[in-house]
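These notes concern the structure reproduced below.
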Number of protein chains: 2
Amino acid sequence: MAQSDTVDRILDAAEELFAERGFSETSLRMITGKAGVNLAAVNYHFGSKKSLIQAVFARFLTPFCIALEAAFDRLEAETAPKPPDLESVLRVLTATLVEMPRQHDRSIAIYMRLQGLAYTQSQGHLRRFLEAEYSHTFGRFMRLLKNATPELSAVERYWRNQFMLGATAFTLSSSDALTEILWNKLGVETPNEEIVDQLVPFLAAGMQAHTVAHGNTGNSDSGA
Amino acid sequence: MAQSDTVDRILDAAEELFAERGFSETSLRMITGKAGVNLAAVNYHFGSKKSLIQAVFARFLTPFCIALEAAFDRLEAETAPKPPDLESVLRVLTATLVEMPRQHDRSIAIYMRLQGLAYTQSQGHLRRFLEAEYSHTFGRFMRLLKNATPELSAVERYWRNQFMLGATAFTLSSSDALTEILWNKLGVETPNEEIVDQLVPFLAAGMQAHTVAHGNTGNSDSGA
DNA sequence: AATTGTTTGAAACATACGTTTGAGCCGGAA
DNA sequence: TTCCGGCTCAAACGTATGTTTCAAACAATT
């Protein structure tokens, strides 16, 4: 067994098991069993289970954020000096997501589910880690969204951002289960690429829904 | 301590702790500690932790579904013989939801979060329980949605339903935290009623977004 | 007051977990 | 060959979990 083959085998197994069972429900013994390595290897190479979880996210999130920033660069260059419109921003995001993990021949669903779990399962340390590590890219995305929806008040944009986030995280985090249910019901298979094809127009339309006449707040201010 | 006060105290504590920490992360000792009852009481009254989880859901979901069915009855009577339009259906749902837990003086967020957890955390037994117990009301809601969106294919409707569910569950489940963040940022308070006022147009617009031209599936078929 | 069935209480049970230990293995440098 | 650092391994550690036990307390009925 070559040098640090062990590290990658652990990450592969953990990634898969975390995605399908959650963090607390996945024991180190399951992971090392699946990886075919010794139990102690996790604590030797990663220090703790928490660090393992963070390492799993770092392995796919770091290259993803790099690719995403590059894609944003390209998009903004194309549309300059005008800011990119909403659907373009969303499409760049989902396209980068869908094309990312081909290298590792893994279903995107795994990473989507992990991303969803990051929001859903408490895991305070994970939230802090992601915030510290990837807030730059996240903030840039938020700024693009703001420029793409100038007609919204700050309050409206804030809540609609949450709606988008929810629809995305929630759906993608259970995309495998949902796809299977649909298969049993209608006999139709929906690859993840198609789910996001459905998702983008839904989100764009929701964001641009006619504003509800309410007694609140002036126009456009802070981001989200 | 009156007759089965214990049962209710356990349910109250469990409800709150499950909502804020998840199922696996909440131990029976935390629950009985918070409830001020003996550890063994849970297994005595409920049989197991799994049954406790189901009981927590049953206590709020059963009256909610009854209220919802009644509200649907009224709505369909009003609009007969035409089926109610999409926004009416959504508004009836959210209104019932918002008005429900006044009795117990508990934030709706708790129940929303529980509902979200039911989807997110694996917990196969819970999914089976909810399916067996509440599929009738859920199915009726789906049928109303179908009649309100005849232009959608079955596949599109299925996925857009999930998007709606996600946006709703995700947002409302953290509505307290999100409201506080917004207050700190813009100095604006958003009561839950107003959140759903923002949510309904978002969902309705998303549901009715122009269909994406894709190579799949004919038109309207089974429900979802 | 005695008896019955139900509910509580403190303690223990068996199991699973994350983590630590220390002896052993192996490959490259001296 | 000897030595040494990185790595693996089986075993154990301490702790936390869900569940069970059984005696004591209680409420209601006879």
Side-chain angles (χ1 to χ4, degrees), chain A residues 1-58 114 117 121-129, chain B residues 1-59 114 117-118 121-129:
Chain A
M1 197 176 300
Q3 195 177 18
S4 266
D5 200 7
T6 301
V7 168
D8 285 321
R9 296 174 62 131
I10 291 174
L11 285 173
D12 288 343
E15 187 171 85
E16 213 161 320
L17 287 170
F18 284 153
E20 73 187 29
R21 310 183 35 103
F23 304 117
S24 310
E25 294 81 358
T26 303
S27 71
L28 294 185
R29 284 169 175 82
M30 291 180 198
I31 294 172
T32 53
K34 176 164 194 152
V37 305
N38 188 273
L39 170 61
V42 169
N43 287 279
Y44 177 78
H45 286 288
F46 296 93
S48 70
K49 187 180 181 181
K50 288 184 180 182
S51 306
L52 205 214
I53 295 175
Q54 295 175 9
V56 165
F57 275 83
L114 284 175
L117 288 180
Q121 318 238 128
S122 31
Q123 298 288 354
H125 71 95
L126 220 198
R127 214 181 303 252
R128 267 174 272 126
F129 169 77
Chain B
M1 198 175 300
Q3 193 176 19
S4 267
D5 200 7
T6 301
V7 169
D8 285 320
R9 297 174 61 130
I10 291 174
L11 286 173
D12 287 343
E15 186 171 86
E16 213 161 321
L17 286 170
F18 284 154
E20 73 187 29
R21 310 183 34 103
F23 305 117
S24 311
E25 293 81 358
T26 303
S27 71
L28 294 185
R29 284 168 176 83
M30 291 179 199
I31 294 172
T32 54
K34 176 166 193 151
V37 305
N38 189 274
L39 169 62
V42 169
N43 287 278
Y44 176 78
H45 287 287
F46 296 94
S48 68
K49 186 179 181 181
K50 287 184 181 182
S51 306
L52 206 214
I53 294 175
Q54 295 175 8
V56 165
F57 276 83
R59 188 172 64 154
L114 285 174
L117 288 180
Q121 319 237 125
S122 32
Q123 299 287 355
H125 70 96
L126 220 198
R127 215 182 301 251
R128 267 174 271 126
F129 170 76

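On a predicted model such as this, the values are computed, not experimentally measured, just so you know. Chain naming here is simple, since letters A, B, ... match the order of the sequence lines and numbering starts at 1 in each.
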Starting at [atom1] of [X] and ending at [atom2] of [N], how long is that distance when rounded to a whole Å?
X: A:I53; N: C:dT19; atom1: CD1; atom2: P; result: 10 Å
X: A:E25; N: C:dC17; atom1: CD; atom2: P; result: 11 Å
X: A:K49; N: C:dA16; atom1: NZ; atom2: C1'; result: 11 Å
X: B:N43; N: C:dT8; atom1: CG; atom2: C1'; result: 14 Å
X: A:D5; N: D:dG6; atom1: CG; atom2: P; result: 19 Å
X: B:L39; N: D:dG18; atom1: CG; atom2: P; result: 9 Å
X: B:N38; N: C:dA10; atom1: CG; atom2: P; result: 6 Å
X: B:L17; N: D:dT17; atom1: CG; atom2: C1'; result: 16 Å

OP1 or OP2 of [N] under 4.0 Å from side-chain N/O of [X]:
X: A:S27; N: C:dC17; answer: yes
X: B:T6; N: C:dT8; answer: yes
X: A:H45; N: D:dG6; answer: no

Both A:A41 and A:R29 contact DNA chain D. Which one's nearest nucleotide lies toward the 5' end? A:A41
First encountered from the 5' end of DNA chain D, between A:Y44 and B:S48: A:Y44
With side-chain contact (heavy atoms from CB on, under 4.5 Å) as the test, would you mind laying out the steps for B:L28 and B:L39 before giving the verdict? CA-CA 7 Å; B:L28 294 185; B:L39 169 62; 4.0 Å; yes
Classify the nucleic acid contact of A:T26 as base, sugar-phosphate or nothing, counting any heavy atom under 4.0 Å across all strands shown. sugar-phosphate
Report which part of the nucleic acid A:A40 touches: base, sugar-phosphate, or nothing (heavy-atom distance under 4.0 Å, all strands). base
Going by the angle between their ring planes, with limits at 30° and 60°, are A:F23 and A:F57 parallel, tilted or perpendicular? tilted
Kindly say whether A:T26 contributes a backbone atom to a donor-acceptor pair with the side chain of A:R21 at under 3.5 angstrom? no
From the list A:I10, A:V7, A:I31, side-chain contact (heavy atoms from CB on, under 4.5 Å) partner of A:V37 resolves to A:I10
B:K34, NZ atom: more than 12 neighbouring heavy atoms under 6.0 Å: yes
